[in-house]
Colleague: 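This structure is in structure tokens; I'll ask about it shortly.
Since this is a predicted model, take the numbers as computed values, not measurements. All residue numbers in this chain count up from 1 along the given sequence.
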Amino acid sequence: VQPKDEYLSFSDSYGLKKTRTTIQNPIQVQDHVLAERKRREKLAQRFVSLSSLLPDLKKTDKETVLEDAANYIKELQDHVKQLEGLLGIRRKNMQESVITGKRSRLSSSDDNGSCSNEPNFEESSYSPCNPEIQVSASGCRLLVEIYSSKNCISLSKVLSEMKKLGLSIISCSTMPFADTTLLVTIVAQVN
């Protein structure tokens with residue numbers, strides 16, 4: 001059934017004016033009312049669902065539910081930003097930068113015990129008198145691990161060089177590994 005078009009006339013200050021309006025059938029009106037009722041029921045169900053998610057909700061009218069939901073979302077967003085900032089700070093403090101496999105030569109010919117940190121690229125394999133040094137940094141602390149053959153390095157020279165570099169030694173340990181290898185572990189802090 002098609003709606004009927006009718007011309008209704010209204011009078012205004014200038015005279016008569018014709019306006020086109022649509023008049024619907026009762027069946028169309030009833031369908032529209034049912035569709036609108038379903039839409040309102042869905043909306044009411046969604047407000048109930050939303051209100052059940054909000055903590056400490058005192059009123060359940062639509063305005064209060066929407067306002068409290070917006071405030072709660074803002075509060076959660078702020079909390080997420082704080083946690084991300086805290087996590088970023090922790091990651092920055094705990095981030096380790098590791099230098100692996102960098103070989104440094106401890107000079108035994110120098111009387112004052114200087115240490116050369118220049119990479120030794122001429123030697124392709126590990127030699128007994130060329131220790132392997134690995135440094136890990138976490139914040140202002142350093143973990144230095146030295147792998148060398150026994151009697152090849154002087155621990156006192158290593159520690160004095162670290163002090164010259166402005167590092168304060170927190171702990172130092174040596175551990176023999178097999179019959180020929182020595183592992184020196186030093187924890188130091190940057191002053």
Colleague: Once rounded to the nearest 0.5 Å, what's the spacing between atom CZ of R46 and atom OG of S51?
Modeller: 14.0 Å

Colleague: Could you give the distance from OG (S154) to CD (E161), rounded to the nearest 0.5 Å?
Modeller: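 Those atoms lie 10.5 Å apart.
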
Colleague: Check the pair K38, E41 against salt bridge (charged side-chain N to carboxylate O under 4.0 Å, His left out), reporting the backbone distance first and the verdict last.
Modeller: CA-CA 5 Å; K38 284 182 182 179; E41 286 175 2; over 6 Å; no

Colleague: Counting only heavy atoms from other residues, nucleotides and ligands, does the tally under 6.0 Å from CZ of F47 exceed 12?
Modeller: yes

Colleague: What's the separation between atom CD in Q28 and atom NE2 in H32, rounded to the nearest 0.5 Å?
Modeller: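 NE2 of H32 is found 11.0 Å from CD of Q28.
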
Colleague: Side-chain atoms of residues 52-67: list all donor-acceptor pairs with protein atoms under 3.5 Å, sequence neighbours left out, distances to 0.1 Å.
Modeller:
from, atom 1, to, atom 2, distance (Å)
S52, OG, S49, O, 2.6
D61, OD1, T64, OG1, 2.7
D61, OD2, T64, N, 3.4
D61, OD2, T64, OG1, 3.1

Colleague: Between E132 and I146, is the side-chain contact (heavy atoms from CB on, under 4.5 Å) condition met? List the steps.
Modeller: CA-CA 6 Å; E132 211 172 289; I146 303 171; over 6 Å; no

Colleague: So if I apply the side-chain contact (heavy atoms from CB on, under 4.5 Å) rule between L143 and each of V135, I170, T185, I186, which one comes out positive?
Modeller: T185

Colleague: Applying the 4.5 Å side-chain criterion to the ILVMFWY set and letting contacts propagate, would V190 and I169 be lumped into a single cluster?
Modeller: yes

Colleague: Going from CG on L183 to CE on M175, what distance comes out if it is rounded to the nearest 0.5 angstrom?
Modeller: 5.0 Å

Colleague: Is the closest side-chain heavy-atom distance between V187 and L142 below 4.5 Å?
Modeller: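 Contact flag for V187/L142 side chains = no.
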
Colleague: When rounded to the nearest 0.5 angstrom, what distance separates OH in Y72 from NE2 in H79?
Modeller: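 Y72 OH to H79 NE2: 9.5 Å, rounded to 0.5 Å.
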
Colleague: Considering residues, nucleotides and ligands other than E145, do more than 12 of their heavy atoms fall under 6.0 Å from its CD?
Modeller: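 Enclosed.
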
Colleague: When rounded to the nearest 0.5 angstrom, what is the spacing between CD in E36 and CG in D31?
Modeller: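 Spacing of CD (E36) from CG (D31) equals 13.0 Å.
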
Colleague: Could you check if a side-chain atom of R37 sits within less than 4.5 angstrom of a side-chain atom of V33, using non-hydrogen atoms only?
Modeller: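 Answer yes - side chains close enough.
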
Colleague: In this structure, which one of L159, V144, V158 forms a side-chain contact (heavy atoms from CB on, under 4.5 Å) with C172?
Modeller: L159

